[in-house]
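See below for the structure under consideration.
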Amino acid sequence: MASKQYWLLKSEPDCYSFDDLKRDGHTEWTGIRNYTVRNMLRDTMQKGDLALFYHSSAKPPAVVGICEIAGDAIADSTAWDKDDDHYDPKASPDNPIWYARKVKYVKPLKSPISISKLRETPGLEGMGILKKGSMLSVTPVTEEEWKIITKGT
DNA sequence: GCCAACGTTGGC
DNA sequence: GCCAACGTTGGC
């Protein structure tokens with residue numbers, strides 16, 4: 001088994017916040033409708049990987065906590081739910097197209113790190129989240145970046 | 001298979 | 001609410 005990998009999961013707190021995850025304990029990370037993200041989530045992630053929980057479109061946008069990839073890839077059944085916001089008419093139980101992962105609450109950061117703070121921090125310049133125009137809701141995080149961000153928590 | 005048009009994302 | 005950047009779509 002390859003060594004542990006690190007990720008950053010982006011969510012709008014109005015949609016699903018880190019506090020929601022704390023309340024629930026775990027959740028299914030569904031609604032991914034981007035092929036790059038799907039491939040990472042389905043093929044590259046491993047059960048037991050750790051992830052940063054990032055609040056996008058928040059005031060301010062920030063990394064707020066830590067969670068864990070708690071299961072293997074599973075078909076995203078919201079894709080064939082007509083009432084779901086992320087309904088995809090091309091998906092079906094026989095051809096799921098989209099996948100999800102179970103994610104488990106771990107703990108909050110000692111204090112949230114805003115995007116402007118991330119930009120100012122040496123060693124984090126290369127983070128996917130900071131790239132202009134990055135729209136990926138899941139991005140890999142290096143061990144180095146992970147250590148800097150979670151130091152002291 | 002090219003590429004322009006369009007929709008979406010997300011920081012500001 | 002603006003707008004730059006990106007992914008996706010669809011006509012050809």
Side-chain angles (χ1 to χ4, degrees), chain A residues 5-24 26-46 49-69 73-103 105-142 144-151 153:
Chain A
Q5 306 170 106
Y6 301 99
W7 305 93
L8 181 145
L9 305 183
K10 215 157 53 172
S11 181
E12 297 189 23
D14 287 347
C15 175
Y16 194 83
S17 72
F18 191 62
D19 280 342
D20 292 333
L21 181 61
K22 182 180 184 181
R23 179 198 61 214
D24 298 340
H26 56 84
T27 191
E28 281 183 14
W29 206 262
T30 58
I32 299 294
R33 299 292 181 268
N34 169 289
Y35 287 103
T36 304
V37 174
R38 181 204 65 180
N39 293 344
M40 280 192 289
L41 183 132
R42 185 189 58 184
D43 305 330
T44 316
M45 270 184 182
Q46 293 167 356
D49 285 352
L50 292 172
L52 301 169
F53 197 109
Y54 176 84
H55 280 166
S56 63
S57 298
K59 2 98 213 146
V63 177
V64 294
I66 297 171
C67 53
E68 179 184 337
I69 308 306
I74 47 176
D76 182 352
S77 60
T78 67
W80 53 86
D81 176 356
K82 284 195 176 62
D83 296 328
D84 193 275
D85 285 346
H86 304 286
Y87 172 65
D88 180 350
K90 295 196 288 294
S92 68
D94 286 340
N95 178 32
I97 305 180
W98 306 111
Y99 289 81
R101 287 270 184 171
K102 184 171 278 192
V103 168
Y105 175 83
V106 177
K107 61 180 172 182
L109 290 189
K110 199 158 103 190
S111 57
I113 304 177
S114 68
I115 189 166
S116 57
K117 191 68 191 294
L118 292 176
R119 288 189 197 284
E120 295 173 352
T121 305
L124 300 183
E125 302 85 357
M127 285 190 75
I129 193 76
L130 300 180
K131 291 213 183 81
K132 222 178 166 188
S134 165
M135 299 189 300
L136 302 181
S137 57
V138 174
T139 47
V141 170
T142 67
E144 194 75 359
E145 292 160 351
W146 179 268
K147 281 180 179 161
I148 293 171
I149 292 170
T150 61
K151 194 168 68 179
T153 69

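Quantities reported herein were computed from a predicted structural model and do not represent experimental measurements. Heavy atoms only: backbone and side chains are in, while hydrogens, waters and symmetry mates are out. Note on naming: letters A, B, ... go to the chains in the order of the sequence lines (proteins, then strands), and numbering restarts at 1 for each one.
If you take CD1 of Ile115(A) and C1' of dT9(B), they are 13 Å apart, rounded to a whole angstrom. Atom-to-atom, CG of Asn34(A) to P of dC6(C) comes out at 13 Å; the value is rounded to the nearest Å. Atom CG in Leu118(A) sits roughly 15 Å away from atom P in dG10(B) (whole-Å rounding). Put simply, CD on Glu12(A) is 8 Å from P on dT9(B), counting in whole angstrom units. The distance between atom CE of Met135(A) and atom C1' of dC6(C), rounded to the nearest whole Å, is 3 Å. Look at CD1 on Ile32(A): it is 17 Å from P on dT8(B), rounded to the nearest Å. To the nearest angstrom, P of dT8(B) lies 12 Å from CG of Asp85(A). Note: CE (Met40(A)) to C1' (dG7(C)) measures 14 Å, nearest angstrom.
Counting all heavy atoms, side chain and backbone alike, Ala79(A) lies closest to Trp98(A) at CB-CD1, 3.9 Å.
Between Val64(A) and Leu109(A) the shortest side-chain heavy-atom distance does not fall below 4.5 Å.
Regarding contacts with the backbone of dT9(C), every side-chain N or O of Tyr35(A) stays at 4.0 angstrom or more from both OP1 and OP2. For Lys10(A) and dG10(B), the shortest distance from a side-chain N or O to OP1 or OP2 is below 4.0 Å. Phosphate contact (OP1/OP2 of dG7(C), side-chain N/O of Arg38(A), threshold under 4.0 Å): absent.
Each end of the helix from dG1(B)-dC12(C) to dC12(B)-dG1(C) yields a helix axis from five base pairs, and these two axes differ in direction by 10° (to the nearest 10 degrees).
In summary, of the residues considered (Leu8(A), Thr139(A), Thr121(A)), a side-chain contact (heavy atoms from CB on, under 4.5 Å) with Met127(A) occurs for Leu8(A) alone.
Checked by atom type and distance alone, the side chain of Thr27(A) never pairs as donor or acceptor with a backbone atom of Leu21(A) at under 3.5 Å.
Looking at the side chain of Ser57(A), the nearest of the listed nucleotides dG11(B), dA4(C), dT8(B) is dG11(B).
Side-chain contact, Asp24(A) with Tyr16(A): a donor N or O sits under 3.5 Å from an acceptor N or O.
A distance of 6.0 Å or more separates the ring centres of Phe53(A) and Tyr105(A). Outside the 6.0 Å centre-distance limit, the rings of Trp29(A) and Tyr99(A) are not counted as a close aromatic pair.
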